[in-house]
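Just so it is clear, the model here is predicted, and its values are computed rather than measured.
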Amino acid sequence: MAGEPINEPVVGHGPFVVNSEADIPQAIMDFNNGKFGQVPA
């Protein structure tokens, strides 16, 4: 909204935002495998 444009493609799918449709399955796999970190309890 207020940031500078990054001039890169953006693809969104649910909570995931990546640069191409081909990156979506990898983002989902990374999430399912716990590679996005954990919320502290």
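No option in Ile24, Asp23, Asp30 other than Asp30 meets the side chain to side chain contact (heavy atoms under 4.5 Å, CB included) test with Gln26.
For the atom pair CE (Met29) and NZ (Lys35), the distance works out to 7.5 Å, reported to the nearest 0.5 Å.
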side-chain contact (heavy atoms from CB on, under 4.5 Å) assessment of Val17 paired with Val10:
CA-CA 7 Å; Val17 179; Val10 176; 3.4 Å; yes
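Residues Val18 and Ala27 share a closest heavy-atom pair of CG1-CB, 4.1 Å.
Within a 6.0 Å radius of CD in Glu21, other residues, nucleotides and ligands contribute 12 heavy atoms or fewer. When the shell of 6.0 Å around CZ of Phe31 is examined, it contains 12 or fewer heavy atoms from other residues, nucleotides or ligands.
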